[in-house]
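A quick write-up on the structure given underneath.
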Amino acid sequence: MVRALRGRSVVVYCVVVLGLLAGCGNKSEVCDETKAAFEGLAAQVRTAPATDAAQWKQAVDRFAARLDALAKKSDDAKLKKTLEQAVVAARGAATGAGNGDVAQLQRFLTEQPRRIGETCS
């Protein structure tokens with residue numbers, strides 16, 4: 001019986017080690033969902049009329065909410081922090097877009113995918 005328990009312990013130990021080596025967390029899942037969210041925002045921004053600031057603000061606000069949910073979902077501390085910072089930047093960009101100023105949105109769309117991509121790689 002002791003031998004059987006030791007054998008099971010070794011199996012459990014190997015499974016745990018393999019899980020750690022494989023990156024047991026959900027980082028790649030959250031990164032994939034974040035990429036899809038950015039693609040969705042890009043599609044919404046392309047189809048929104050340039051003169052409809054309210055529609056731009058609404059799209060970016062929804063995107064910020066999605067990023068916030070992804071930050072809460074992430075079990076990787078660095079990715080969570082990067083996403084939380086992106087949420088703040090997205091909300092600032094949404095406010096600017098709602099006022100007809102797309103400079104913050106442009107900066108957001110230029111900087112944040114790169115920052116998140118670096119964290120995800």
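Quick caveat, the model's predicted, so the values are computed rather than measured.
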Closest non-hydrogen atom pair between [X] and [Y], with its separation:
X     : Y      : result
Ala53 : Ala97  : CB-O, 3.2 Å
Arg91 : Ala64  : CG-CB, 3.8 Å
Ala86 : Phe108 : O-CE1, 3.4 Å

Chi angles and distances behind the side-chain contact (heavy atoms from CB on, under 4.5 Å) call for Leu79, Cys31: CA-CA 8 Å; Leu79 178 58; Cys31 287; 3.8 Å; yes
Measure from the side-chain N and O atoms of Asp75 to the backbone N and O of Gly25, and report whether any donor-acceptor pair falls under 3.5 Å. no
Look at the side chain of Ser74 and the backbone N and O of Ala71, then say whether any donor-acceptor pair between them is shorter than 3.5 Å. no
Cationic N near anionic O, under 4.0 Å, Asp76 to Lys80: no
Between Glu111 and Arg115, is there a salt bridge with N-O shorter than 4.0 Å? no
Pair Thr119, Leu83 - check side-chain contact (heavy atoms from CB on, under 4.5 Å), show working. CA-CA 10 Å; Thr119 303; Leu83 288 171; over 6 Å; no
Side chains of [X] and [Y] in contact at under 4.5 Å (non-hydrogen atoms):
X      : Y      : answer
Gln55  : Gln44  : no
Lys78  : Lys27  : no
Thr110 : Arg114 : no
Arg107 : Gln112 : no

